[in-house]
Amino acid sequence: MTSQVFCVGLTGGIGSGKSTVADCFAQLGAAVIDTDVIAHELTGSDGRAMPEIIACFGIEMANSTGAMDRVAMRSRVFIDPAARRKLEAILHPMIRAESALRLRAVIAPYALLVVPLLVENLASYQHLLNRIAVVDCDESQQLARIASRSGLSLEQAKSIVAAQANQASRIQIADDLIENRGSYSQLDHQIQRLHLQYLKHAAASSRMR
């Protein structure tokens with residue numbers, strides 16, 4: 001653990017409700033660092049990753065503003081695993097470095113580092129994390145949420161879910177499991193309880209430094 005702030009890694013499958021959970025923790029005073037947000041910044045107009053992406057994949061992967069053409073890139077890496085690995089090799093080190101930098105600047109009691117593919121990249125992030133929280137729900141709920149917000153077909157949603165780590169793998173790395181199968185009040189109750197635990201953990205960790 002190299003960052004100075006107590007850090008909880010937050011993960012979960014696509015459509016599990018990670019963003020909702022992260023927003024709730026932020027409202028309670030946690031600092032939230034989202035690796036998806038960092039990735040969008042790196043691949044936006046004049047993003048630091050764009051020169052290397054263009055050099056690797058061609059100018060056609062940039063749109064008129066100089067940002068990555070996400071639709072074109074998504075289509076490319078979905079059918080070409082080698083292309084996906086190349087993109088990850090460009091982005092992941094930059095995302096990890098920026099995550100560590102932002103963690104060092106946190107002044108909140110504790111931080112939440114949102115990493116959607118934490119199971120797949122655990123070795124790269126584990127040194128930054130004190131605990132891991134996993135947002136969990138039924139696959140049918142995931143599929144419904146994906147379809148409702150993205151306009152994808154059921155088959156497309158299923159293929160995205162299948163490409164990620166399975167539920168058992170996520171639960172295996174969890175220190176804390178957040179069930180997002182019921183009402184918002186049920187979800188909020190779990191978050192409130194964990195928030196108090198994390199404050200205690202953070203205070204104890206601070207005394208040990």
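Heads up: numbering here begins at 1 and tracks the sequence.
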Distance-minimising heavy-atom pair for V5 and P109: CG2-O, 4.1 Å
Validation row: C7, Y198 side chains within 4.5 angstrom (heavy atoms): no
Stepwise side-chain contact (heavy atoms from CB on, under 4.5 Å) check, I132 with L122: CA-CA 10 Å; I132 295 173; L122 185 58; 3.7 Å; yes
Verdict with supporting geometry, R85 and E120, salt bridge (charged side-chain N to carboxylate O under 4.0 Å, His left out): CA-CA 13 Å; R85 288 192 292 271; E120 296 87 337; over 6 Å; no
Stepwise side-chain contact (heavy atoms from CB on, under 4.5 Å) check, V32 with D23: CA-CA 8 Å; V32 174; D23 288 345; over 6 Å; no
Same apolar cluster: M73 and I59, side chain cutoff 4.5 Å: yes
Enclosure of Q172 CD (heavy-atom neighbours >12, cutoff 6.0 Å): no
Flag side-chain contact, heavy atom, 4.5 Å: C56 against I90: yes
Closest heavy-atom pair and its distance - I95, A39: CD1-CB, 3.8 Å
More than 12 heavy atoms from other groups under 6.0 Å of CD on E88: yes
Worked check of side-chain contact (heavy atoms from CB on, under 4.5 Å) between M61 and I54: CA-CA 7 Å; M61 285 300 165; I54 291 170; 6.0 Å; no
Any donor-acceptor N/O pair, T11 side chain to P116 backbone, under 3.5 Å: yes
Evaluation steps, side chain to side chain donor-acceptor pair (under 3.5 Å), between N166 and S169: CA-CA 5 Å; N166 60 34; S169 298; 2.8 Å; yes
Side-chain donor/acceptor of Q141 to backbone N/O of D138, under 3.5 Å: yes
Donor-acceptor contact present, side-chain Q142 to main-chain G15, <3.5 Å: no
same_hphob_cluster(L117, L129) at 4.5 Å side-chain heavy-atom cutoff: no
Note, E60 side chain near D69 side chain (heavy atom, < 4.5 Å): no
Considering all heavy atoms, the nearest R96-S124 contact: CD-CB, 3.2 Å
Sub-4.5 Å side-chain heavy-atom contact between H40 and R70: yes
Heavy-atom check, side chain of M68 versus side chain of F57, under 4.5 Å: no
C137 backbone acceptor or donor facing S16 side chain under 3.5 Å: no
Same cluster (ILVMFWY, side-chain, under 4.5 Å), V115 and L177: yes
Ionic contact status for R48 with E98, cut-off 4.0 Å: yes
Residue pair T43 / L91, side-chain heavy-atom distance below 4.5 Å: yes
Shortest non-hydrogen contact between T35 and L113, atoms and distance: CG2-CD1, 4.1 Å
Note, Y110 side chain near N130 side chain (heavy atom, < 4.5 Å): no
Lys/Arg-Asp/Glu bridge criterion (N-O < 4.0 Å) met for R170, D136: no
Heavy-atom donor-acceptor pair, K18 side chain to V114 backbone, under 3.5 Å: no
Cluster link V119 to I171, ILVMFWY, side chain under 4.5 Å: yes
Which atom of L112 lies closest to which atom of A22, heavy atoms considered: CD2-CA, 3.9 Å
Validation row: Q190, N180 side chains within 4.5 angstrom (heavy atoms): no
M94-I33 co-clustered via ILVMFWY side chain contacts under 4.5 Å: yes
Under 3.5 Å donor-acceptor, Q186 side chain and S183 backbone: yes
Considering all heavy atoms, the nearest M50-A62 contact: CE-CB, 4.0 Å
Trace of the side-chain contact (heavy atoms from CB on, under 4.5 Å) decision for Y184 with T20: CA-CA 10 Å; Y184 179 82; T20 298; 4.2 Å; yes
